[in-house]
Amino acid sequence: MSAVPILRLGAVKDVQRLRDHLRSIGTNIPCDGELLAGAESPLQWPLVRGGFKFANRIAVQPMEGWDALADGNPSEYTLRRWQRFGSSGASLIWGGEAVAVSHEGRANPHQLVIAPHTHAGLAHLRSALLASYRAATGRSDQPLIGLQLTHSGRFSRPNVHDRPEPKILYHHPILDSRLGLSADSPLLTDEQIAGIVEAFHRGARAASDLGFDFVDIKHCHGYLGHEFLSAHTRPGKYGGSFQNRTRFLREVVEGTRSIAPGLQIAVRLSAFDTVPYRPDPITSSPGKTGVGIPEPHAHLIPYRWGFGLNPLCPTEMELAETKQFLALLEDLEIRLVNLSAGSPYYNPHIQRPAFYPPSDGYQPPEDPLIGVARQMEMVRQLKSQFPQLIVVGTAYSYLQDFLPHVAQAALREGWVDFIGMGRMILSYPGLLRDASEGRTIQHRIVCRTFSDCTTAPRKGLPSGCYPLDEHYKISELAAKLKLAKASRS
Ligand SMILES: Cc1cc2nc3c(=O)[nH]c(=O)nc-3n(C[C@H](O)[C@H](O)[C@H](O)COP(=O)(O)O)c2cc1C
Ligand code: SF4
């Protein structure tokens, strides 16, 4: 079990109990006592800013499924997930999911790829999403739909699900050994990076031709775009200074603007990070992972392998460079920003607060509500300094039945422009629509952060909500996931 007492939100029936608890653990995130419906609900407020027009404040976060075909085309599972994205009624679909710009850049052998042979499949995902949006909402308008373009960099596993084929920008004193990298493992060369930049240009051009409204140049969660931002120790034109570490972004944007002038560009960013965590061996026992602790790092101060952290105390967030990055986005006339944090690979409690850890994680080192509050507070701070940006916030799923209460309050108090739902979308895509249209919330399908959707892919299975979504619950896959979990303990 965790080292800290954690309120089991699934057992809390009364919103006041949550509000008291939030205060008792020292967080100040807002939480309304009553849910509002229709035009009264901040979730249904329209937004017009920076040339964009949205019908409501609900966003679908990119949620990858590890279920594309070997050639990078969508499968029936992928199609069903995108249809469920549409049924959420969200007016902003942020990327659908991570789509690799090349086979080598896939995070797993079942990630979508954008290439000529997948264009028809990707276009079909978009049109199926639109059809289900219209069928579910009865509206004739359409959400803004983007495609998240990615290269997985250090976390590339294009061919076999448990065989890393990392493409790194610099040697990391903690993460290299986790991936079996030695001190002389090669770095991506500047020439190879130029090839990746071109692959992003081709991907963006294709996304535009296929009718997507924007592309997200992914800069989060430890993947390549994010790794550029922490390439302090890399020699040459992509490392060292802030100017060099953001060169990749500027090159991708510049080429995209010339090759696909009508396409909007967005960025999803890990706004802060922390050193990698691991299970504490003292609290681990056979079949039971220990509580998360930071890897030893006293010998690595000043810490030069992160972005948005204090180099003298790298478990502390520091947003000075993050602000510089957002100012750069404004200079580049990028208005759509999605703020996330950390990485699911090396500090999942930061990235996706959960009660139950994923199979390669650790027991929560803190009440996961503190993780939710940390991301919300970061978003509040950044949004207040960059009011012209359209800011999507992340990591609300842990709030479970009370997600709508917090979402409504955060929007009304101006903490954020959009409530982005990740895991909750897999179990209950219509949660915020139900909540803000006056319908009863279906408690039995509220995400309880069991983490099966993260564990399954670690075992080479498609990602999905095994405990709550009928499609997975009753399938052979659920049995396989149980077997895979059992073989670990
Ligand atoms: C199964 C799964 C797949 C995900 N896929 C992506 C992805 O493709 N791109 C991305 O930026 N984030 C991805 N994420 C992260 C989510 O978008 C989101 O940041 C995270 O789940 C925290 O939000 P939540 O509390 O609403 O779940 C994924 C998360 C999960 C659990
Ligand atoms: S498996 Fe389902 S309940 Fe568990 S975290 Fe994922 S979406 Fe939530």
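Atoms within each ligand, like the ligands themselves, are counted from 1 in listed order.
- Summary of contacts: the protein heavy atom closest to atom 7 (C) of ligand 1 is Pro62 O, 3.5 Å.
- Short contacts between ligand 1 and Gln148, defined as distances under 4.0 Å to a heavy atom of the residue, involve ligand atoms 7 (C), 8 (O), 9 (N), 10 (C), 11 (O).
- We find that Asp209 and Arg205 are joined by a salt bridge, their nearest charged nitrogen and carboxylate oxygen being less than 4.0 Å apart.
- Atom 4 (Fe) of ligand 2 has Phe450 N, 3.1 Å as its closest protein atom, hydrogens excluded (heavy atom only).
- The distance from ligand 2 to the heavy atoms of Cys447 drops below 4.0 Å at these ligand atoms: 3 (S), 5 (S), 7 (S), 8 (Fe).
- At under 3.5 Å, a nitrogen or oxygen of Ala98, whether backbone or side chain, sits near a nitrogen or oxygen of ligand 1.
- When the heavy-atom distances from atom 18 (C) of ligand 1 to Arg268, Arg423, His221 are ranked, the shortest goes to Arg268.
- Near Gln61, with a cut-off below 4.0 Å to any heavy atom, the atoms of ligand 1 are 17 (O).
- The aromatic rings of Phe325 and His219 sit tilted, their planes meeting at an angle between 30° and 60°.
- Asn159 and His103 are linked by a side-chain donor-acceptor pair at a separation below 3.5 angstrom, with hydrogens and angles left out of the test.
- Of all protein heavy atoms, the one lying nearest to atom 1 (C) of ligand 1 is Ser463 OG, 3.1 Å.
- With hydrogens and angles ignored, the 3.5 Å screen pairs no side-chain donor or acceptor of Ser75 with any backbone N or O of Ala68.
- Judged purely by atom type and a 3.5 angstrom limit, Ser156 has no side-chain atom pairing as donor or acceptor with the backbone of Lys167.
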(request) Would you please test His349 and Tyr362 for side-chain contact (heavy atoms from CB on, under 4.5 Å) and show each step? (result) CA-CA 8 Å; His349 75 288; Tyr362 41 77; 2.6 Å; yes
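- With respect to atom 2 (Fe) of ligand 2, the closest heavy atom belonging to the protein is Cys465 SG, 2.3 Å.
- If you check which protein heavy atom lies closest to atom 20 (C) of ligand 1, you get Gln351 NE2, 3.7 Å.
- In summary, the atoms of ligand 2 found under 4.0 Å from a heavy atom of Arg448, numbered by their order in the structure, are 3 (S).
- Between Trp82 and Phe85, the ring planes lie tilted relative to each other; the angle falls in the 30° to 60° range.
- Heavy atoms of Thr449 found under 4.0 angstrom from ligand 2 belong exclusively to the backbone.
- On a distance-only criterion, Met421 and ligand 1 share no N/O pair closer than 3.5 Å.
- Checked by distance only, ligand 1 and Glu64 come closer than 3.5 Å through their nitrogen or oxygen atoms.
- For ligand 2 and Pro467, the ligand atoms under 4.0 Å from any heavy atom of the residue are 1 (S).
- Between Asp162 and Lys459 there is no salt bridge, since no side-chain nitrogen of the basic residue lies less than 4.0 Å from a carboxylate oxygen of the acidic one.
- Considering only non-hydrogen protein atoms, atom 29 (C) of ligand 1 sits nearest to Arg352 NH2, 3.1 Å.
- If you take CG on Leu129 and OG on Ser87, they are separated by 8.5 Å, rounding to the nearest 0.5 Å.
- The distance from ligand 2 to the heavy atoms of Ser451 drops below 4.0 Å at these ligand atoms: 4 (Fe), 5 (S).
- Closest of all the heavy-atom pairs between Arg84 and Leu426 is NH2-O, 2.7 Å.
- At a threshold of 2.8 Å, atom 6 (Fe) of ligand 2 has a backbone or side-chain N, O or S atom of Cys453 nearer than that distance.
- Every atom of ligand 1 with a heavy atom of Thr454 under 4.0 Å away is listed here by number and element: 31 (C).
- When only interatomic distances are considered, the shortest N/O to N/O separation between Gly422 and ligand 1 falls below 3.5 Å.
- For the pair Ser208 (side chain) and Leu263 (backbone), a donor-acceptor distance under 3.5 Å is absent.
- Within the listing of ligand 1, atoms 24 (P), 25 (O), 26 (O), 27 (O) sit less than 4.0 angstrom from a heavy atom of Ser397.
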(request) Just do the salt bridge (charged side-chain N to carboxylate O under 4.0 Å, His left out) check on Glu97 and Arg81 with the steps written out, would you? (result) CA-CA 10 Å; Glu97 63 186 275; Arg81 191 172 53 260; 2.7 Å; yes
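- The nearest protein atom to atom 2 (C) of ligand 1, hydrogens excluded, is given as Met63 CE, 3.5 Å; this is a heavy-atom distance.
- Taking the six-membered ring where tryptophan is involved, the planes of Phe248 and Phe200 are perpendicular, since the angle between them exceeds 60° and thus also 30°.
- Note: Tyr472 and Tyr466 have tilted aromatic rings, judged against thresholds of 30 and 60 degrees for the angle between ring planes.
- The protein non-hydrogen atom at the shortest distance from atom 7 (S) of ligand 2 is Arg423 O, 3.3 Å.
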